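Everything below concerns the one structure shown next.
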Amino acid sequence: MPIIVLDPGHGGTDPGASANGLQEKNLTLTIGLKVKQLLEAKYVVDVRLTRETDVLVGLSERADYANTLGASYFVSLHHNAGGGTGFESYIYPGTSSSETGRRQDVIHGEIMNFLSGYGVRDRGQKEANFAVLRETAMPAILLENLFIDTVNDANLLKNSNFITGLSNAIATGIGKALKL
Ligand SMILES: [Zn+2]
């Protein structure tokens with residue numbers, strides 16, 4: 001059965017972005033645990049997390065973990081900051097015409113299909129030389145799920161129905177991308 005590695009960003013002494021009473025490390029872990037639960041309920045898959053508690057894990061350690069497992073897919077979970085709004089996804093530069101890009105199309109579309117119901121802006125399918133995208137040996141994607149430091153986005157991230165719906169969209173997107 002395929003192994004999927006979910007990567008809740010930050011943790012421990014690295015909180016990630018903090019604003020509006022939210023900490024990125026807590027949200028990424030909440031969503032990661034929910035996505036794992038949903039994936040395992042819907043599909044025959046082996047889902048692992050790079051961290052399951054509030055601990056600091058290095059970026060190379062996260063990629064090495066997935067590489068050692070021989071995972072089929074690596075999905076990194078983050079939240080944005082810096083004063084924008086909306087959702088964006090990232091893959092490693094130059095991989096848009098490969099399987100990595102095909103999966104990004106599917107997952108990005110599935111998530112935006114959910115988010116557009118809340119009026120969330122689509123910031124696009126992007127590429128970046130992030131360590132976890134560069135060092136993973138399998139297709140990988142990094143999701144920036146709204147802006148913690150923008151009040152409208154933060155209010156959605158505080159809404160448990162929204163978090164469950166977003167987690168469900170991520171899980172369904174992964175399932176469709178992997179043709180599970
Ligand atoms: Zn982050």
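Keep in mind it's a predicted model, so treat the numbers as computed, not measured. Start at 1 and go down the list; that is how both ligands and their atoms are numbered.
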Subject >> Within less than 2.8 Å of the Zn ion (ligand 1): protein N, O or S atom count >> reply: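 With waters ignored, the protein N/O/S count below 2.8 Å is 3.
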Original post:
Considering residues at least two apart in sequence or located in another chain, which fulfil the salt bridge (charged side-chain N to carboxylate O under 4.0 Å, His left out) criterion with Arg121?
Top reply: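 Here no residue qualifies.
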**OP:** Before accepting this row, confirm whether a basic side-chain N of the pair Arg62/Asp64 lies closer than 4.0 Å to the acidic partner's carboxylate O.
**Re:**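 Between Asp64 and Arg62 there is no salt bridge, as every charged N stays at least 4.0 Å from the carboxylate O atoms.
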Original post:
Apart from Val55 itself, what residues make up its hydrophobic cluster, given side-chain heavy atom links below 4.5 Å?
Top reply: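 Besides Val55, the hydrophobic cluster comprises Val57, listed by chain and residue number.
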Subject >> Glu40, CD: over 12 other non-hydrogen atoms inside 6.0 angstrom >> reply: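 Counting neighbours around CD of Glu40, more than 12 heavy atoms of other residues, nucleotides or ligands fall under 6.0 Å, so yes.
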Let me have the donor-acceptor pairs involving side chains of residues 172-180, under 3.5 Å, with sequence neighbours excluded, atom names and distances please.
{"residue": "Thr172", "atom": "OG1", "partner": "Lys42", "partner atom": "NZ", "Å": "3.1"}
{"residue": "Thr172", "atom": "OG1", "partner": "Asn168", "partner atom": "O", "Å": "2.8"}
{"residue": "Lys176", "atom": "NZ", "partner": "Glu110", "partner atom": "OE1", "Å": "3.0"}

Subject >> Residues His79 and Asp153: side-chain donor-acceptor under 3.5 angstrom >> reply: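 No, because no side-chain N or O of His79 sits under 3.5 Å from a partner of the opposite role on Asp153.
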